Amino acid sequence: MKKLINAPESVVDDELAGVAAAHADLVRVIEPNVVVRADAPKKGKVGVISGGGSGHEPMHGGFVGMGMLDAACPGAVFTSPVPDQMLAATKAVDGGAGVLHIVKNYTGDIMNFELAAEMARAEGIEVTSVVIADDVAVKDSLYTAGRRGVGGTVLAEKIVGAAAEAGADLATVTALCQKVQDNVRSMGMALTSCTVPAAGKPTFELGDDEMEIGIGIHGEPGRTRMKLASAAEITAMLATPILDDLPFKAGDKVLAFVNGMGGTPLIELYVIFNELKKILDARGITIARNLIGNYITSLEMAGCSITLLRLDDELTKHWDAPVHTPGLRWGR
Amino acid sequence: MKKLINAPESVVDDELAGVAAAHADLVRVIEPNVVVRADAPKKGKVGVISGGGSGHEPMHGGFVGMGMLDAACPGAVFTSPVPDQMLAATKAVDGGAGVLHIVKNYTGDIMNFELAAEMARAEGIEVTSVVIADDVAVKDSLYTAGRRGVGGTVLAEKIVGAAAEAGADLATVTALCQKVQDNVRSMGMALTSCTVPAAGKPTFELGDDEMEIGIGIHGEPGRTRMKLASAAEITAMLATPILDDLPFKAGDKVLAFVNGMGGTPLIELYVIFNELKKILDARGITIARNLIGNYITSLEMAGCSITLLRLDDELTKHWDAPVHTPGLRWGR
Amino acid sequence: MISYDDILAWVRRFAAAVTANKAYLTELDSAIGDADHGINMDRGFTAVVGKLDGLASPDIGAALKTVGTTLVSTVGGASGPLYGMFFMQMGGAVTGKEALTLEEFATAFETGLGGVLRIGKAEPGDKTMVDALIPARDALRAAIADGASVSDAITRMADGAEQGMLATVPLVARKGRASYLGERSAGHQDPGATSSHLLLRSAAEVWAGR
Amino acid sequence: MISYDDILAWVRRFAAAVTANKAYLTELDSAIGDADHGINMDRGFTAVVGKLDGLASPDIGAALKTVGTTLVSTVGGASGPLYGMFFMQMGGAVTGKEALTLEEFATAFETGLGGVLRIGKAEPGDKTMVDALIPARDALRAAIADGASVSDAITRMADGAEQGMLATVPLVARKGRASYLGERSAGHQDPGATSSHLLLRSAAEVWAGR
Ligand SMILES: Nc1ncnc2c1ncn2[C@@H]1O[C@H](COP(=O)(O)OP(=O)(O)O)[C@@H](O)[C@H]1O
Ligand SMILES: Nc1ncnc2c1ncn2[C@@H]1O[C@H](COP(=O)(O)OP(=O)(O)O)[C@@H](O)[C@H]1O
Ligand SMILES: [Mg+2]
Ligand SMILES: [Mg+2]
Ligand SMILES: [Mg+2]
Ligand SMILES: [Mg+2]
């Protein structure tokens, strides 16, 4: 295992210390491992929090700040945080207008957030939750754990954060988050596995000429393993199930998000974006906004995911609104 | 070789097509492979251009836009661009106030830029050049090719771009670039090699428990190979030669830039930043500004570099000024 | 009877088993999950062991609840709330007791299992820890009906868990991360069912010959 | 005499040699450089070959200048300007000529070498292409002094380049990327010296038996 770390046990603490030292103007880190907006709580503002395992940086801690999250709860690497964290986060950001929990659809996240929400409600804080489940690689069914929450989470956090910043109430913010969920679809692939620091070796092994299609963001193996293909073929394999699922139609305007899994350089992500543009052009779908980079990662995994969000004026307005976080910044 | 590409020959063209499609509001791509600011030339504004081999994304193409570069010339992967590109760039951005070439100190870059500068001067455009050579891993000597230009280049492009945007004249902009060079030092290390697409296999081989200290940004092997060490030890190995070289002293204010080589996730870069903070604290040096992320990369290489720039009010002011490029954005 | 010290010995033995099997559980989780089950459980039970010495009164219910809340607060993931709820609910069923009859133990275990089923919503056959816990419960009930000794009953319970654990191998997962793999999850043993077997095997070992 | 067609045949043969040795040159460059020398040279000479057919008049100077400017415009890196300047300057020395005496060829070669030295500023022993080109020049001069045939003279020239190339192995680089390696650059053959040897070996092969 080759990583720039001191010890597997201290990765998350060391990283959070680095985040606190680097971005004291934006965030503070409180016990038990919660990244909180420096100026939280803001009286009368709906609090927006999220959380999940570490190893997906900049998500979620890098998205705390003006116009996005009020707090983030990083668990151990690839492990849902504990309810104590979400409870502390909820209390730290509650400005009297209630708190929205943005929860990625994993059994662990769901259960831990639910326990925290119960505790927060017991302390008199109004809490709502929206579950993001946008990964079309997973068959959606009532009898399974359902789809994973992946790239759509980043877009939800930005858009919902803007609405909360603008003063929307808890019901409105919650409905907006659900609207993002209803209009967003994602799919990912890996060229390499990643190595959980405490595990010390790759989660799965891939041959030199193989790739995994349909991976999540936790180094889980995907649904199919196949021979390496060209960027154009890979883009089609990811985009087609996404497009067909919602479905996205000619005339739609979308936000196209090409995400790297942590070990993929930008040059390759632009190659993928170029192929995606061709596919969407051919279907008469307009890329009105885009985001290209490593935003929701799986440690040092090489690979990418594509997320498409169908935009309307409301979503576009909140996407364009100023944001100032360590990981995403514009407009100020 | 595992990459998200269509073919080794088309990587750069495909990437540039992606950049053009994604950032049409900021840049356009003209023949022969030059990324030009969408609103160039700006009458009366000094043009600032740079260039170098591809494979370092977002540098340089990702730094074209308001408050930074006016144009960038991407060569083949790890290969200096040809003079035709720098000439086209110089002509495209010349607003009558002259053009600064920011050149990284590599034999190829120096010679190709020099040929271009001669041609541009022959066409009546005033051209100055500043060579960035900040890599303390290379012994500085009159009899060698000298130090490489690495992380300091990103900082120079931002600071100089801000001054040019604010209306400074060519002599002032050139002197400012030299001032950055005089106050900046860097050093890098690698956990893995990278693979030049056209070469198809890693430039060097590293054992599972080895790292290279003192690497450049072209997949060149470094000066020493050694057993893998902790983040704290690695940070000290990079920071100490940097600090001792300028030298940086107690009371200095610095911009601390922790850069990933392309395949290193953010979580590890924050761990390194945390160690760097401890080292600078112990020496009484203040981190007044920081930049943490993958900004000057070597394809998918895992590893990092540290760059320290001694700040004064002038440099700080230009660093803080608004910038709006695909790769670096704040203040608007 | 099962004493307060027996319960603590059980928890300690399971904690040691988790540490010894940390790599194995993580290995199982890397095949069909995210390679952290052993790490998660070990983090939690290391914290639990640290709490056991500080317990004041010999109250089995309070002790089990402490185990549960400690797990909830330190494990995270799916297994944190699930095992946490298991111990919290089991403890809640025996509050104030210093010793348990086998019948009381069985009832408490069932209450804990009920907590797991309620928050996890897994059905038998979904390829989760439930597939080890339900056969364990059934085996314990059958042993009690047969008038077995504590030792025999708990050993039969552990054997039931073991069979359930082994039976997860061919299953296609419908809950937990393994469900994302669809058909590819078949052929691998479920990590949570494996730790649940260890939980009951530890009990059988502690109470052997009773 | 060396004819216009001889010169074109030389350039074509070198282009073919570059393609055949693309991987080898890149391999050498990956040991002490950035793994692109063969790729760079091949890109340039593929472009050069595409230009040769379109040449109008049988002017050796114009042809060599076209080779040079094409290399400058397509190769990049260090080798682009260096080989570009070599051919441009060599061509400049024989503008308008349809054929060259061996003496004229030698003078033109020296002019090209002068361009390389001027822009590259390398000294002999710096571990660069100069370490192949200078012994080549010296061998050619010696052969002319001995009254050798074109064929013999160019073969001796290529042999000189070969010895110079081999002599780069133990050197510690002071110019080019290899210089960044310091002592670690010793023990590897310089890629540019290797392509320069190929350049002159191609000439010797084309003009063999003349
Ligand atoms: N809904 C559920 N009900 C019961 N057990 C579950 C459920 N989901 C997952 N599990 C169990 O949890 C185990 C995984 O635990 P762990 O790896 O620690 O958490 P995570 O999946 O969050 O990484 C699975 O092997 C399975 O036995
Ligand atoms: N200053 C110099 N003078 C002469 N030749 C040089 C000089 N610097 C480098 N070279 C030659 O260039 C070769 C490398 O060429 P190439 O790999 O194509 O360019 P780059 O080093 O830019 O990647 C070296 O092997 C060396 O022979
Ligand atoms: Mg997990
Ligand atoms: Mg090169
Ligand atoms: Mg797991
Ligand atoms: Mg090279």
Side-chain angles (χ1 to χ4, degrees), chain B residues 8-9 32 51-53 55 73-85 87 106-116 135 137-139 141-148 193-205 214-225 298, chain D residues 22-23 25-27 29-44 46-47 69-85 88 115-116 118-123 125-129 172-185 188 192:
Chain B
E9 309 78 59
C73 307
V77 171
F78 291 171
T79 302
S80 321
V82 298
D84 312 45
Q85 289 172 272
L87 179 62
Y106 299 96
T107 308
D109 292 55
I110 298 277
M111 291 190 298
N112 285 289
F113 264 101
E114 190 45 51
L115 290 177
D135 188 347
V138 178
K139 280 206 201 85
S141 148
L142 268 181
Y143 306 101
T144 66
R147 287 182 165 167
R148 296 173 288 221
S193 178
C194 58
T195 299
V196 174
K201 55 182 181 186
T203 303
F204 57 92
E205 294 287 350
I215 49 131
I217 54 168
H218 297 88
E220 316 94 312
R223 288 197 78 102
T224 36
R225 180 164 299 195
S298 291
Chain D
K22 179 176 168 181
L25 294 172
T26 298
E27 180 88 33
D29 197 29
S30 77
I32 54 171
D34 59 350
D36 65 0
H37 185 57
I39 302 163
N40 292 344
M41 294 294 285
D42 190 51
R43 182 174 56 246
T46 302
T69 54
T70 304
L71 292 178
V72 167
S73 295
T74 56
V75 177
S79 50
L82 289 164
Y83 277 110
M85 198 54 73
M88 281 161 65
V116 170
R118 186 167 53 76
I119 67 160
K121 300 185 187 71
E123 310 263 330
D126 281 357
K127 195 172 183 122
T128 70
M129 59 175 67
V172 172
R174 282 189 301 255
K175 284 278 152 48
R177 287 179 198 283
S179 68
Y180 305 140
L181 283 173
E183 303 291 331
R184 284 174 85 189
S185 63
H188 300 277

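In what follows, chains are A, B, ... by sequence order, proteins preceding strands, each numbered from 1. FYI, side chains are in, hydrogens and waters are out, and symmetry mates aren't considered; it's all heavy atoms of this structure. As the structure is a prediction and not an experimental result, all values here were calculated from the model.
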S.K.: Verify salt bridge (Lys or Arg N to Asp or Glu O under 4.0 Å) between Arg43(D) and Glu9(B), making sure each step is shown before the conclusion.
M.R.: CA-CA 10 Å; Arg43(D) 182 174 56 246; Glu9(B) 309 78 59; over 6 Å; no
S.K.: Quick check on Phe204(B) against chain D: is it the side chain, the backbone, both or neither that has a heavy atom closer than 4.5 Å?
M.R.: neither
S.K.: Tell me which of these, Ala31(D), Gly182(D), Gly120(D), has more heavy-atom pairs under 4.5 Å with chain B than the rest.
M.R.: Gly182(D)
S.K.: Report which part of Glu123(D) has an atom under 4.5 Å of a heavy atom belonging to chain B: side chain, backbone, both, or neither.
M.R.: neither
S.K.: Less than 4.5 Å to any heavy atom of chain B: does that hold for the side chain of Ala122(D), its backbone, both, or neither?
M.R.: neither
S.K.: Heavy atoms only: give me the nearest Ala199(B)-Thr26(D) pair and the separation to one decimal.
M.R.: CB-CG2, 3.9 Å
S.K.: I'd like to verify something: which residue of Thr107(B), Val138(B), Thr203(B), Val196(B) has the highest number of heavy-atom pairs under 4.5 Å with chain D?
M.R.: Thr203(B)
S.K.: Is Lys201(B) in contact with chain D via its backbone, its side chain, both, or neither, using a 4.5 Å heavy-atom distance?
M.R.: side chain
S.K.: Determine the minimum heavy-atom distance between Ile39(D) and Ala198(B), stating which atoms define it.
M.R.: CD1-CB, 3.4 Å
S.K.: Tell me, for Thr74(D) versus chain B, whether the close heavy atoms (under 4.5 Å) come from the side chain, the backbone, both or neither.
M.R.: backbone
S.K.: Begin with the C-alpha distance, continue with both residues' side-chain angles, and end with the deciding distance and a verdict on side-chain contact (heavy atoms from CB on, under 4.5 Å) for Arg148(B) and Arg177(D).
M.R.: CA-CA 9 Å; Arg148(B) 296 173 288 221; Arg177(D) 287 179 198 283; over 6 Å; no
S.K.: Sort Ile119(D) into side chain, backbone, both or neither according to what part of it lies under 4.5 angstrom from a heavy atom of chain B.
M.R.: both
S.K.: Under 4.5 Å heavy-atom distance to chain D, tell me which part of Asn112(B) shows up: side chain, backbone, both or neither.
M.R.: both
S.K.: Calculate, to the nearest 0.5 Å, the distance between atoms CG and CZ belonging to Asp36(D) and Phe78(B) respectively.
M.R.: 9.0 Å
S.K.: Cation-pi between Arg223(B) and Tyr180(D): NZ/CZ under 6.0 Å from ring centre and within 45° of the ring axis?
M.R.: no
S.K.: Quick one: does Met111(B)'s side chain get under 4.5 Å of Met85(D)'s, heavy atoms only?
M.R.: no
S.K.: Below 4.5 Å from any heavy atom of chain D, which atoms of Thr224(B) appear? Answer side chain, backbone, both or neither.
M.R.: backbone
S.K.: Tell me, do Val72(D) and Val82(B) make a side-chain contact under 4.5 Å, heavy atoms counted?
M.R.: no
S.K.: Based on non-hydrogen pairs under 4.5 Å, which of Ala78(D), Ser30(D), Gly33(D), Gly77(D) is most in contact with chain B?
M.R.: Gly77(D)
S.K.: Ser73(D) versus chain B, heavy atoms under 4.5 Å apart: side chain, backbone, both or neither?
M.R.: both
